[in-house]
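Worksheet for the structure shown next.
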Amino acid sequence: MLDRKFVMEELEAVQENCRNRGVTVDFDQLAKLETRRKELIPEIDETRRKANEVQKSIPKAKDNDERQKFIAEGRSLREQVSALEKELSEVEEQSTSILRFIPNMSHPAAPIGEDDQANKVVKQGKTEVPKFDFPVKDHVELGEELGIIDLEAGVRVAGNGFYFLKRDGVLLELALQQYAIQTLVKEGFTPVITPDLALNSILDGVGYIPRGESTQIYSIENQDLSLIATAEITLGGSLSGQILNEKELPILLCGVSHCFRTEAGAHGRSSRGLYRVHQFTKIEMFAFTHPEQSSEMLEKLLGIECQLFDDLGIPYHVVDTATGDLGGPAYRKYDLEAWMPGREDGGTYGEVTSTSNCTDYQARRLNIRFKKPGEKGTTLVHTLNGTAIAVSRALIAILENYQQADGSVVVPEVLRPWVGKEVIEPLTKS
RNA sequence: GGAUGGGUGGCCGAGUGGUCGAAGGCGACGGUCUUGAAAACCGUUGACGUUUAACAGCGUCCGGGGGUUCGAAUCCCUCCCCAUCCGCCA
């Protein structure tokens with residue numbers, strides 16, 4: 001959420017930003033509500049002040065008559081206060097519900113455009129796109145032949161969009177987790193295993209909408225909880241309501257969690273196999289920073305993502321995400337798109353990671369601030385998040401890029417310590 | 001899930017329904033003293049909103065929400081959380 005005051009003061013810039021982001025907001029209504037809100041607050045304060053004054057005079061009343069008079073006056077003032085407060089809370093609720101739809105402002109350099117078509121490629125990874133002199137298989141075929149991905153069992157047990165990993169698939173997943181965490185710990189991140197569920201108020205603060213028509217979120221019946229779609233939710237929420245010391249910043253966390261997504265309305269679109277699944281494991285980076293550090297931190301997070309995929313030997317490019325594709329909280333976002341040779345016809349780039357600077361947009365709703373020692377007041381922190389490894393998609397990229405003519409798949413060198421072999425061979429039917 | 005006891009400022013800890021934003025202590029910060037430090041002494045020490053050019057006011061906040069009352073940290077209801085014991089369980 002943006003700051004109320006900021007929205008009213010910079011109305012034009014906010015409106016333009018909404019246009020760029022493809023979001024329609026009823027600014028007239030918002031302005032009306034905010035005006036009324038600004039009238040009500042001093043009115044309530046003043047009425048309450050009078051009531052307090054009258055109250056204080058009651059014990060000092062000269063006689064019972066005067067006392068009764070004061071009591072009546074006090075009662076009437078309190079009634080006025082509660083009526084005004086009721087109006088204020090209604091006005092505030094309406095105003096907030098509009099405000100919540102206003103997306104974050106956008107970085108001046110972010111490409112302006114409606115959707116991902118406008119995303120700008122800004123960088124290539126170190127690894128070349130592989131040339132195959134044999135018919136390329138996609139990860140679904142490879143995973144089946146290697147006996148490491150069982151989509152059919154997933155369907156039997158939990159329906160479409162679920163899967164089993166088996167044998168070296170399990171080792172690969174664990175290796176990817178180890179690889180990511182080991183790397184991040186060296187970069188100064190504190191590793192964290194978070195809950196896979198979170199309170200709806202936390203989802204809300206981070207910018208996810210827990211319930212409703214087209215929600216991405218699975219919610220738990222009769223409980224105020226949802227399955228998380230990313231550890232961004234739990235990591236961001238972990239410091240909600242806290243006032244940090246400036247000296248503690250930046251705080252770097254890397255979370256391991258499962259991610260659950262309904263993927264409502266996303267069927268059919270390049271979603272074969274593991275690409276769009278309801279559950280996967282993800283290692284997520286999260287940073288709480290000083291406002292002055294956040295731009296630099298975004299580059300750092302991007303740098304780590306690049307290093308992870310360079311060292312995995314996976315070809316990718318980086319895109320600077322266009323305004324219309326930024327979502328609500330992001331001020332700027334970079335996606336890494338890995339080359340997936342088996343995807344669509346002849347291969348295509350598919351998103352494997354994403355890193356965003358959310359500036360103070362999440363911090364405002366989560367109420368995460370910091371304080372400079374010796375100075376009055378508090379300032380909202382900036383929050384950033386970035387995928388280190390989303391296991392399911394990384395798996396696609398590895399299987400498809402590292403496949404060989406005989407149907408085997410070479411294990412990326414950096415993962416070998418945990419997988420324990422150099423090549424994963426197809427199951428031999430005996 | 002059952003029983004009991006609790007939730008007060010950065011921490012510990014008082015608090016009779018009315019001048020309590022809240023005693024006292026600790027910590028932190030500033031000062032006096034000292035060559036320097038410690039000790040001692042003095043002072044300052046929450047957040048948010050709002051008014052003001054500023055000084056300074058005003059309002060709200062004692063786990064959350066609701067109620068009683070002219071007035072609630074204090075009484076009532078409810079929810080949450082924590083501790084201990086019991087039950088259950090990986």
Side-chain angles (χ1 to χ4, degrees), chain A residues 1-9 30-31 33-96 99 193-205 210 219-226 234 237-249 251 256-258 288 291 360-381:
Chain A
M1 195 167 83
L2 292 175
D3 180 43
R4 304 186 122 85
K5 220 186 290 174
F6 172 83
V7 173
M8 287 300 114
E9 281 166 7
L30 180 65
L33 290 165
E34 279 301 296
T35 307
R36 184 63 188 138
R37 184 175 162 272
K38 272 201 195 141
E39 291 164 359
L40 282 167
I41 289 170
E43 207 177 329
I44 288 170
D45 280 0
E46 179 58 19
T47 313
R48 199 176 346 233
R49 192 191 60 73
K50 280 187 202 153
N52 286 346
E53 216 170 77
V54 170
Q55 239 166 260
K56 282 176 192 165
S57 62
I58 290 173
K60 296 179 202 146
K62 285 197 293 286
D63 52 42
N64 197 43
D65 277 359
E66 193 180 64
R67 194 181 154 84
Q68 290 311 317
K69 200 191 90 192
F70 285 150
I71 288 176
E73 202 179 333
R75 179 183 289 135
S76 135
L77 285 165
R78 289 292 165 186
E79 278 164 8
Q80 286 178 46
V81 168
S82 72
L84 289 168
E85 273 184 331
K86 188 166 171 250
E87 190 189 347
L88 177 66
S89 75
E90 284 163 10
V91 165
E92 219 154 49
E93 197 184 313
Q94 289 176 45
S95 155
T96 303
L99 221 41
I193 293 177
T194 87
D196 285 342
L197 285 82
L199 290 169
N200 292 140
S201 60
I202 297 293
L203 286 263
D204 208 72
S219 53
I220 305 296
E221 196 172 9
N222 298 327
Q223 297 241 256
D224 198 21
L225 289 167
S226 295
T234 40
S238 68
L239 292 178
S240 67
Q242 302 300 299
I243 297 176
L244 308 167
N245 190 313
E246 186 183 27
K247 283 181 280 190
E248 297 175 73
L249 300 175
I251 295 174
V256 184
S257 83
H258 293 117
F288 300 90
D360 62 8
Y361 193 88
Q362 292 174 329
R364 184 168 293 106
R365 299 215 85 218
L366 291 168
N367 195 17
I368 307 175
R369 294 167 291 164
F370 71 90
K371 197 173 162 47
K372 292 183 199 183
E375 275 189 39
K376 269 211 166 278
T378 54
T379 311
L380 291 166
V381 300

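Computation of the quantities below employed the complete heavy-atom set of this structure, encompassing side-chain atoms and omitting hydrogens, waters and symmetry-equivalent molecules. By convention in this document, chain letters (A, B, ...) are assigned in the order of the sequence lines, proteins followed by strands, and residues within each chain are numbered from 1.
Under the Watson-Crick or G-U wobble criterion, with both distances below 3.5 Å, B:C55 is left unpaired in every strand shown. If you check B:A83 for Watson-Crick or wobble pairing at under 3.5 angstrom, you find it paired to B:U4. When both pairing distances are held under 3.5 Å, B:G17 makes no Watson-Crick or G-U pair with any nucleotide shown. With a 3.5 Å ceiling on both atom-pair distances, the Watson-Crick or G-U wobble partner of B:A40 is B:U32. With both pairing distances under 3.5 Å, B:U45 is matched to B:G27 as a Watson-Crick or G-U wobble pair.
In this structure, A:Ala51 and A:Arg67 both approach RNA chain B, and ranking their closest nucleotides by distance from the 5' end singles out A:Arg67. Residues A:Ile58 and A:Lys5 both approach RNA chain B. Their nearest nucleotides, taken by heavy-atom distance, put A:Lys5 toward the 5′ side.
In summary, A:Glu87 and A:Arg36 engage in a salt bridge, as defined by a charged side-chain N under 4.0 Å from a carboxylate O. In this structure, A:Glu53 pairs ionically with A:Arg49, as a charged nitrogen and a carboxylate oxygen lie closer than 4.0 Å. Under a 4.0 Å N-O distance rule, the pair A:Arg48/A:Glu85 qualifies as a salt bridge.
The ring pair (Phe, Tyr, Trp, His ring centres under 6.0 Å) check on A:Phe370 picks up A:His290, with sequence neighbours excluded.
In this structure, A:Arg369 reaches the sugar-phosphate backbone alone: every heavy-atom distance under 4.0 Å involves primed, P, OP1 or OP2 atoms, never a base. Looking at heavy-atom distances under 4.0 Å, A:Lys50 makes no contact with the nucleic acid at all. Residue A:Thr378 is in sugar-phosphate contact alone, with no base atom involved, counting any heavy-atom pair closer than 4.0 Å across all strands shown.
Separation of the C1' atoms belonging to B:G9 and B:A28 is 14 Å when rounded to the nearest angstrom. Atom P of B:A14 sits at a distance of 32 Å from the matching atom of B:U68, rounded to the whole Å. For B:C26 and B:G64, the C1' atoms lie 29 Å apart once the distance is rounded to whole Å. Atom C1' of B:C42 sits at a distance of 23 Å from the matching atom of B:G46, rounded to the whole Å. The gap from the P atom of B:G1 to that of B:U74 amounts to 27 Å, rounded to the nearest Å. Using atom P as the reference point in both B:G63 and B:U51, the two lie 30 Å apart (nearest Å). Rounded to a whole angstrom, the distance from the C1' atom of B:C11 to that of B:U45 is 14 Å. Taking the P atoms as reference points, B:G10 lies 12 Å from B:C48, given to the whole Å.
Residues A:Glu43 and A:Gln80 fail the side-chain proximity criterion, which asks for heavy atoms closer than 4.5 Å.
With a heavy-atom cut-off of 4.0 Å to chain A, the contacted part of RNA chain B has its first and last nucleotide at B:G18 to B:G71.
A donor and an acceptor atom, one from each side chain of A:Arg37 and A:Ser95, are nowhere located under 3.5 Å apart. Checked by atom type, the side-chain pair A:Arg365/A:Ser240 shows no donor-acceptor distance below 3.5 Å.
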